[in-house]
Structure formats: C-alpha cells, structure tokens
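First up is the structure itself, then whatever we jot down about it.
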Number of protein chains: 2
Amino acid sequence: MSPQRAADLARTLKALADPARLRLLSLIAASPTGEACICDLTGPLELTQPTVSHHCKVLVDAGFLRRDKRGVWAHYSLVPGAMQAVGADLPGVGKLVTA
Amino acid sequence: MSPQRAADLARTLKALADPARLRLLSLIAASPTGEACICDLTGPLELTQPTVSHHCKVLVDAGFLRRDKRGVWAHYSLVPGAMQAVGADLPGVGKLVTA
DNA sequence: ACAAGGCATCGACGTCCGTCGATAACTCTG
DNA sequence: CAGAGTTATCGACGGACGTCGATGCCTTGT
C-alpha cells in the first residue's frame, strides 16, 4: 500500500472514528424520510448546534453526507454506498492487494 | 445505534485511522512469512523504534495484531478476519440495522 | 422594512495523539 | 559474568481535535 493511499484512507477513516459522527449517521439513516436537519440532531446527540454543524461538515467533506439547503433548513442525507465502499476497501489492507 | 456501540466502533476505527498504522498492517500482510518484527518495520516506515512499537501496541490492543515474542524478537502477525469484521460492520451504520 | 429563527463561521479552551530521545528490561553470545 | 542487540516504557513536546459561546448570514413571515 502506497503512502499516498494510506494517507487518503486514514483521512476517510478519521472522519468516521468519532462516536458523535457515527450516531449522527445512524440517526439520519433511521429517519423516515432519509434526511434530517441540524435542529433534529442536537437533541438526540446532546450536543450544541455549532458542534453538530461541525460534525456534519466533516462528514460532507469526507463524502459520507450530502447537504441540501432548502430555504432556511439544511437537509442532510446519506451518500448511497459511501460507507459500503470503505467497508469493502478495509480487507484489502490485510490481503495481498498491496498495489 | 446505541451510544455504547458507537463508542466501541469509534475506538476501533480510531486505531485504524492513521497512515503509519495502515502501512504497518500492509507491510506485515505483504511479508512472505506473514509476520514481521519491529526492526523490519522502522526502515520502510521511516519512524523510530519507539514509535513503531507504540503503533504495534495500539493495533494489538484493538485486536488487529497478534504479538508473539520468541527470544529477543517480537513477531507481529495479523489477526485473521479482524479487518474484514470491521468492514462488514460499517455498512450497518448506514442501513436500518440500528439495533 | 423589520423581526425571528435556523444555520455556518469564528475564536478559544482543554484534551488527546503522534513523535522523539533517553532509559530500563530481557535474551542470547562469548 | 560481561557485552551486545532487540524491544518496551517513560517523559516531554508540538500539533490536531472536539466542544462551546458569541456572532454574522440568510430566508421567511409579518
């Protein structure tokens, strides 16, 4: 595995390696509409609005969330297959796919 | 996803979310014998011996590496299926397996 | 035009993490 | 037993990260 690819994968994993962000993704996934806005998440996560907004930005930058601003509200939804892609890449580190 | 499970998964992912540790796993996996000792890794990683030892300890504690001390040398080998297990768990966050 | 409310950004603080040099512990060799 | 070599641990330093309060932006409704 090249240092470049290791750095990229590490940055992606670092975006997921936080309890608040994992719960955030889970909450959005569990939503009936498949999306949620910031004000829907501050309660369950027990975090302030700036903190939740920050976490959402991290996940958007990492390619796990999609932001759709409609009027005043910002609707966040999962990027389909993003997490599956990471999960599929992980075993490659331990196998002889060291290209 | 329960806060407890989120915290556990986050701790596991945090162990992987580092370029040096990903390369370390890859180097061990690419070894012909399937194992490597500290002195084999300091060169390719361009890190000092204490740092490599520290990273190995983190990966052992997280369940990704196995340590086998034979005489003076400490042989590290991958725990079979450990990374595959994490990869299989990741999509569960984005699906309605919110149990 | 003004007020209200949701969100993003900013600055700051405390904590955790990666890295290193120095040192100790342990094992084999002579 | 003394010496050399490998690894683990310790202490310290710099940087990154999660969190918050305060503030500004922007849209909606009156």
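The analysis underlying the following values was restricted to heavy atoms, covering all of them including side chains, and did not include hydrogens, waters or symmetry mates. Treat the numbers as computed from the prediction; the structure is a model and nothing was measured. Here is how names work: the chains are called A, B, and so on, in the same order as the sequence lines, proteins then strands, and each is numbered from 1.
- Considering only side-chain N and O atoms, Arg70(A) lies nowhere under 4.0 angstrom from the phosphate OP1 or OP2 of dT27(D).
- Atom NE2 in His75(B) sits roughly 11 Å away from atom P in dA8(D) (whole-Å rounding).
- Counting only distance, with no hydrogens or angles, the side chain of Arg23(B) and the backbone of Met1(A) share no donor-acceptor pair below 3.5 Å.
- In terms of position along DNA chain C, the nucleotide closest to Val72(A) lies nearer the 5' end than the nucleotide closest to the other residue of the pair His54(A) and Val72(A).
- The two residues Gly34(B) and Ser77(B) have their closest heavy-atom pair at O-CB, 3.5 Å.
- As rounded to whole Å, 14 Å separates atom P of dC17(D) from atom CG of Leu13(A).
- Distance CD1 (Ile38(A)) to C1' (dC25(D)): 15 Å, rounded to an integer number of Å.
- When rounded to the nearest whole Å, the span between CG of Leu22(A) and P of dG18(D) equals 12 Å.
- For the pair Thr48(A) and dC20(D), the criterion of a side-chain N or O lying under 4.0 Å from OP1 or OP2 is met.
- If you measure from atom CG of Asp40(A) to atom P of dG5(C), you get 17 Å, rounded to the nearest angstrom.
- In this model, the phosphate group of dC20(C) is approached by a side-chain N or O of Thr51(B) to a distance below 4.0 Å at OP1 or OP2.
- Which of dG18(D), dG18(C), dT9(D) sits closest to the side chain of Pro50(B) comes down to dT9(D).
- Arg67(B) has no side-chain polar atom (N or O) that falls below the 4.0 Å cut-off from OP1 or OP2 of dT7(D).
- For the pair Tyr76(A) and dA8(C), the criterion of a side-chain N or O lying under 4.0 Å from OP1 or OP2 is met.
- OP1 and OP2 of dC17(C) both lie 4.0 Å or more from every side-chain N or O belonging to His55(B).
- Comparing Lys69(A) and Leu47(A), the nucleotide of DNA chain D nearest to each residue sits closer to the 5' end for Leu47(A).
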request  = Dump the intermediate steps for salt bridge (charged side-chain N to carboxylate O under 4.0 Å, His left out) on Arg11(B) and Asp8(B), then the final yes or no.
outcome  = CA-CA 5 Å; Arg11(B) 238 182 317 111; Asp8(B) 289 347; 2.7 Å; yes
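- Toward the 5' end of DNA chain D, the nearer of the two residues Gly71(A) and Val58(A), judged by each one's closest nucleotide, is Val58(A).
- Side-chain N or O atoms of Ser31(A) include none that pairs as donor or acceptor with a backbone N or O of Leu27(A) at under 3.5 Å.
- The distance between atom CG of Leu59(A) and atom C1' of dG18(D), rounded to the nearest whole Å, is 13 Å.
- The NZ-P distance, from Lys14(A) to dG15(D), rounds to 15 Å in whole Å.
- Phosphate proximity of dA8(C) to Ser53(A): present, with a side-chain N or O under 4.0 Å from OP1 or OP2.
- The CG-P distance, from Asp18(B) to dC16(C), rounds to 18 Å in whole Å.
- At a threshold of 4.0 Å, the pair Arg70(B)-Glu35(B) counts as salt-bridged, since one of the basic side-chain nitrogens sits closer than that to a carboxylate oxygen.
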